[in-house]
Amino acid sequence: MALTAQWAVAWLRGAAEVVAENRVLLIDLDRAIGDADHGENLDRGFSAVVAKLDAGPDPATPAEVLKGAAMTLMSSVGGAAGPLYGTAFLRAAKALGDAVEVGPDEAAAMLEAARDGVVARGKAEVGDKTMIDAWTPAAESARTAASAGASAEEVLSAAANAAQAGAVATEPLIARKGRASYLGERSANHRDPGAVSTAMILQAAAVAAGGVNL
Amino acid sequence: MALTAQWAVAWLRGAAEVVAENRVLLIDLDRAIGDADHGENLDRGFSAVVAKLDAGPDPATPAEVLKGAAMTLMSSVGGAAGPLYGTAFLRAAKALGDAVEVGPDEAAAMLEAARDGVVARGKAEVGDKTMIDAWTPAAESARTAASAGASAEEVLSAAANAAQAGAVATEPLIARKGRASYLGERSANHRDPGAVSTAMILQAAAVAAGGVNL
Amino acid sequence: MKKLINNPRAVVAESVEGFGRAHADLVTVHPDPLFLTRKDAPVSGKVGLVSGGGSGHEPLHAGYVGRGMLDAAVPGAMFTSPTPDQILPATVAVDGGAGVLHIVKNYTGDVLNFETAAELAEEEGITVRTVLVNDDVAVEDSLYTAGRRGVGGTVFVERLAGAAAERGDDLDAVTAIAQRVVDNVRSMGVALAACTVPHAGVPSFDLAEDEIEIGIGIHGEPGRHRIAMEDADGITVRLLEPITADLALAAGDRVLLMVNGMGGTPASELYIVFRKAVELLEAQGVQMERSLVGNYITALEMQGASVSVLRLDDELIELWDSPVHTAAMRWGA
Amino acid sequence: MKKLINNPRAVVAESVEGFGRAHADLVTVHPDPLFLTRKDAPVSGKVGLVSGGGSGHEPLHAGYVGRGMLDAAVPGAMFTSPTPDQILPATVAVDGGAGVLHIVKNYTGDVLNFETAAELAEEEGITVRTVLVNDDVAVEDSLYTAGRRGVGGTVFVERLAGAAAERGDDLDAVTAIAQRVVDNVRSMGVALAACTVPHAGVPSFDLAEDEIEIGIGIHGEPGRHRIAMEDADGITVRLLEPITADLALAAGDRVLLMVNGMGGTPASELYIVFRKAVELLEAQGVQMERSLVGNYITALEMQGASVSVLRLDDELIELWDSPVHTAAMRWGA
Ligand SMILES: Nc1ncnc2c1ncn2[C@@H]1O[C@H](COP(=O)(O)OP(=O)(O)O)[C@@H](O)[C@H]1O
Ligand SMILES: Nc1ncnc2c1ncn2[C@@H]1O[C@H](COP(=O)(O)OP(=O)(O)O)[C@@H](O)[C@H]1O
Ligand SMILES: [Mg+2]
Ligand SMILES: [Mg+2]
Ligand SMILES: [Mg+2]
Ligand SMILES: [Mg+2]
């Protein structure tokens, strides 16, 4: 699928589905090193996004879709993830501007903007065991793929794959940001819930584009 | 042993021992149909009785010993059992008067007075699943034995045996007095803790007299 | 059993000592025999109010000592009535010459121990009246039991009789107010999980993950019925219906409604029960005029709640609203 | 999981609705987006105080709305920071023209959501200041963490800044008082058993029968260390020592001491901890001037306690003693 407004809608609906399916898994990850709400928060938020999409009207550009989602996430997720995902989608929308269809370079730029937004809000660095550990490799792999001439779908697949690897790689880390940081060394040996959900959401973007299912 | 002041002291010390040994059992019986404190209450009370005896001076008559115990139990047991056992020992003391040694008839009269005291305070009838179900057969068997010419020791043994049988017989009953009565039919199939402790305490009286251990 | 305690036998003494330190402006702790009095006791010419009972129901009773409520509280061992040698000096200490009212929850132990203390106090020339609180509708068949238990209604009796004493009512009048409260209050409780008495060390009863006990008391006793878990609204109906039936509440009645936590229940849950209880009362045309939501009479860390309803009249409302200053209930002062 | 709830997703809304019914004299509930304001908000010319955070810590924050404390409380989902679309209208609703102070517990989620709301409020012409509460000494190495958490000290900040606002201090002065409290308060907590978040349905962590968690927060997070069960006196030493060390308390210092229950702890146990804490402070020559013992900031039905110590000065004592009238803290009114 070309990366149109329809693609963006399919992405968000897909994200809502994967988050709902993995609600308990994300709660369990967060219970281990946090406060057991990440899956609940995202499920509540993405359900609200879908409800808004259902209510219409159909947006004309991908940016419009993502901006709407950003506002809804911001006002329904709460916690740390709400403002962070809200900012990510807001910056992503901004990066896309008025484009009716997103090309490979724009897709990479969108992910970079999202990543930069999360960094700007959360001040986390790579290795702090946060969703940045998924967003950063995702943005970087997207840019590499785009530079190498990949299609937009391929850019998104590359991002999703990298996010997934990044999420897995948070497992041994000691958290230095977010709630898990209070645990000190006890935060090691658990995957960061936000990094895992980031990978899921980026996977939904790739799947919606018809990219390789991971 | 003749039923002198020394006997009375030995009785109370023996009662304290058996209560301490069975503290958990009495708590468990009370947990099932009450509030899980009967063993704790009696253990606290009889420990206080022993402490008073240790502090001296040695009393001259059985009545003096029992009256002292009554006051201590009244002021240290609390709950339902405190006033009831306090009254039982107070009435028992009163029944013995100035006697230096207790004979078979006096022993029976002592137990009858104790039983009457518990009835006067608690207003329970036989079959209500209370300590009365141990005190009443004890007093009656004591009287029968005394009338039949038994020795004082034998009177106490008869009482202890009857109390034990009475305690066992509370098992199927539905409580109509005390805390267990709130349970209605759910109070059946458990022995009444106060009846069980009464049997233990009367056994201690018989044992102190050199009567048959049950 | 994990508890923030030292020696299980020292729990009550150490806890009351801490209470005395925290509320030194309100109470004096008398350590041996153990009782607490209002700082300014005896208040000359005022009827003295004494209550007490087993410990483990905090803030009852020590938390209710002070202006507009109790003059003395007598804590027994955990879940065990205090003894006459505690109740008697407490009675003597708060007699301001106008006599003393004993507020006694209707349990055999409490009744017997207060009875003895009252007799002894009378021998010392103090006029003592006794009011028995027996508001628990869970005890259905009081002919064949020790009678209804005293539970949440006790809080109302202590407050309203305390207010009457504070305004200068004489012993007869204070006793009449207390009795009027007893006659017009009913309660019912539920447990989701039992409590553990420190000296026993194991929970008072076992409930499966899908069971609750309806009609529990405040001593970790098992309740009257064990049923499958229900939602808060369903449970609230089960608690409130026997109360309104027994009180014969009718449209136009005004009530004081308490939703009380048993010690281990989050406040958020109590407000959910409260919300439904108000809705049910209003559906009957009953007006919720005043309310309490929180831990007012507990059973250690038991999880559950109780609902108490008192039918109000103008005088009781006025008494309720008058100043009270105790550790656990305070307004207007 | 057994809880007195209906639908897990409706817990906060239903609970706040019940709270609103119980305290209709004090608060107005705004259901969508959800927040509560003081009945008489906005108070013209008074600095408005807004706090909020995840639910499950009751009575914090709704229980502290009223005269001498908060003007608005913004409840998030269970243990989840509220969102800007709740915080913004709450801020607008309580601005009496003198600006608004946001009292924010230092958690990433709370910080980010309040930050956004503050920006939006500034765009609407309201001056907003923010004070971050970060009193938890359990978080040792704040360089490598999100910083210390806000826990029990929040109660003191809300009360003392609220008192300052009530006496007419301007926004700078109220902010300075709040910051002074933050600078002088430290806290530390212990869990004996975890809590269960309704939407999760299983306990937040598992503790063996002989284990406790030292240094827990208020969200059911595991603590910093897991140790073998100890008695109350030993645990109190463990909680108090890092506090007094970090505050560098010295002989002659005067303090406000809070022993706070986490939701499932009997009051009797809190007073045992309190007794020991006072003893330890006195042994250092530190004077316990004021105190709170009870459930003031909880983690649902968690079993455990926290200790908070605030170094007092004359002004803070005067502010503390001034009238306060909220659902959960009330005196002088
Ligand atoms: N400062 C931060 N920067 C980036 N991501 C963060 C930061 N703090 C937390 N996160 C992410 O947020 C996730 C937790 O989200 P969630 O559980 O919904 O919020 P909360 O921690 O408020 O309960 C973490 O797993 C982490 O990935
Ligand atoms: N009215 C009564 N008459 C006689 N015995 C009674 C009465 N009420 C209670 N008891 C006895 O007291 C026992 C309970 O004692 P205990 O557990 O120490 O007091 P409490 O019931 O106050 O906790 C019961 O097992 C019963 O034998
Ligand atoms: Mg979380
Ligand atoms: Mg008992
Ligand atoms: Mg008892
Ligand atoms: Mg959270």
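So that the names make sense, note that chain A is the first sequence line, chain B the second, and so on, each numbered from 1.
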For [X], which atoms come within 4.5 Å of any heavy atom of chain C: side chain, backbone, both, or neither?
| X | result |
| --- | --- |
| B:T87 | neither |
| B:V24 | neither |
| B:A32 | backbone |
| B:A81 | neither |
| B:D37 | both |
| B:R186 | side chain |

With a 4.5 angstrom heavy-atom cut-off, which part of [X] approaches chain B: side chain, backbone, both or neither?
| X | answer |
| --- | --- |
| C:V202 | both |
| C:D206 | neither |
| C:P203 | backbone |

Does the side chain of C:T83 pick up a donor-acceptor pair with the side chain of C:D85 at under 3.5 Å?
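Present: a donor and an acceptor within the cut-off.
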
C:S51 side chain to C:Y64 side chain, donor-acceptor N/O pair below 3.5 angstrom:
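The criterion, which ignores hydrogens and geometry beyond distance, is not satisfied for C:Y64 and C:S51.
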
Among the options B:A80, B:G78, B:S75, pick out the one with the most heavy-atom pairs lying under 4.5 Å from chain C.
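Highest number of pairs under 4.5 Å: B:S75.
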
For each of B:E185, B:R23, B:K123, tally heavy-atom pairs with chain C at distances under 4.5 Å, and name the one with the top tally.
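The candidate making the most pairs under 4.5 Å is B:R23.
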
To the nearest 0.5 Å, what is the distance between [atom1] on [X] and [atom2] on [Y]?
| X | Y | atom1 | atom2 | value |
| --- | --- | --- | --- | --- |
| C:D135 | C:N106 | CG | CG | 10.0 Å |
| C:L36 | C:Q86 | CG | CD | 10.5 Å |
| C:H225 | C:E213 | NE2 | CD | 10.0 Å |

Sort out for me which residue in B:L156, B:V155, B:L3 forms a side-chain contact (heavy atoms from CB on, under 4.5 Å) with B:V102.
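Only match with B:V102 under side-chain contact (heavy atoms from CB on, under 4.5 Å): B:L3.
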
For a quick test of reading the model, state the closest non-hydrogen atom pair linking B:P193 to B:L26 and the distance between them.
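In terms of heavy atoms, the two residues are closest at O-CD2, 3.8 Å.
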
Could you pull out the closest heavy-atom pair between C:H61 and C:G52, with the gap in Å?
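For C:H61 and C:G52, the tightest heavy-atom pair comes out as NE2-O, 3.1 Å.
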
Who wins among C:H199, C:E115, C:R226 for the most heavy-atom pairs under 4.5 Å with chain B?
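Greatest number of close heavy-atom pairs with chain B: C:H199.
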
